[in-house]
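Here's the structure, in structure tokens; my notes come after.
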Amino acid sequence: MPRPLEIIFNLLLAVIAIYAITSSILVLFGYQFFTFPIKIEVIQNLSFDYIRLLLLRSCVFLTMAIFLLNYALYKRPYSALAPVVVFCYSLSFFEFISQFTLQNTTEYSSNAFAMVFWLIVGALAHYKNKKNAQTIFRN
């Protein structure tokens with residue numbers, strides 16, 4: 001890829017990563033961040049299902065941001081299980097944090113079983129991914 005095109009590509013990845021991180025974290029404070037048109041709005045629908053969808057959206061955005069940053073820093077792909085690991089850990093993280101933020105202002109209540117379940121799945125996938133990454137990325 002020509003150098004100017006690579007710089008533009010990396011800048012676009014940085015903008016997407018910043019958007020993803022901002023969108024994932026603002027949900028915990030009761031806001032949504034939209035891109036087209038660019039705006040920040042207070043979460044209006046406080047139902048359980050809607051909050052669950054926002055937490056899943058946050059997990060997806062955070063997973064995407066982590067992989068974009070990894071690509072930008074190391075210029076190498078992860079194995080196929082790495083997105084599962086990151087998603088499970090971020091889902092556990094957002095479930096835990098929602099106890100102190102969203103649960104106070106909405107009818108949403110986080111589930112301790114869900115947090116433990118996703119942590120276990122993430123840890124098992126992390127272990128398996130670590131073994132695969134060592135065989136894939138040998139020098």
Ring geometry between Phe117 and Phe113 (parallel below 30°, tilted from 30 to 60°, perpendicular above 60°): parallel

Nearest non-hydrogen partners of Leu119 and Ser92, listed with the distance: N-OG, 3.2 Å

Atom pair OH (Tyr50) and CG (Leu55), whose distance is rounded to the nearest 0.5 Å: 11.5 Å

Note, Ile21 side chain near Phe61 side chain (heavy atom, < 4.5 Å): no

pair Tyr31-Ile43: side-chain heavy atoms closer than 4.5 Å: no

Side-chain touch Asn111/Met115, heavy atoms, less than 4.5 angstrom: no

Test item: Leu12 and Ile8 side chains (from C-beta on) under 4.5 Å apart, heavy atoms: yes

Shared hydrophobic cluster, Val60 / Val15 (ILVMFWY, side-chain heavy atoms < 4.5 Å): no

From Leu124 atom CG to His126 atom NE2, the distance as rounded to the nearest 0.5 Å: 11.0 Å

Inter-residue atom distance Glu95.CD - Ser58.OG, 0.5 Å rounding: 11.0 Å

Geometric class of the Trp118/Phe87 ring pair [parallel <30°, tilted 30-60°, perpendicular >60°]: perpendicular

Intermediate values then yes/no, side-chain contact (heavy atoms from CB on, under 4.5 Å), Leu91 and Leu56: CA-CA 7 Å; Leu91 194 55; Leu56 286 173; 3.7 Å; yes

Euclidean distance, Tyr19 OH relative to Ile38 CD1, rounded to 0.5 Å: 10.0 Å

Test item: Phe100 and Leu28 side chains (from C-beta on) under 4.5 Å apart, heavy atoms: no

Within-4.5 Å side-chain heavy-atom neighbours: Phe33 and Val27: no

Residue pair Pro83 / Thr63: nearest heavy atoms and the distance that separates them: O-CG2, 4.0 Å

Approximate separation, where rounding is to 0.5 Å, of Thr101 OG1 and Ile25 CD1: 11.5 Å

Nearest atoms (heavy-atom pairs only) where Phe94 meets Cys59: CD1-SG, 3.6 Å

Spacing of Leu26 atom CG and Glu41 atom CD [to the nearest 0.5 Å]: 12.5 Å

Any side-chain heavy-atom pair of Ile40 and Gln32 under 4.5 Å: no

Heavy-atom check, side chain of Arg57 versus side chain of Arg52, under 4.5 Å: no

Polar side-chain atom of Ser90 near backbone of Leu62 as donor-acceptor pair, under 3.5 Å: no

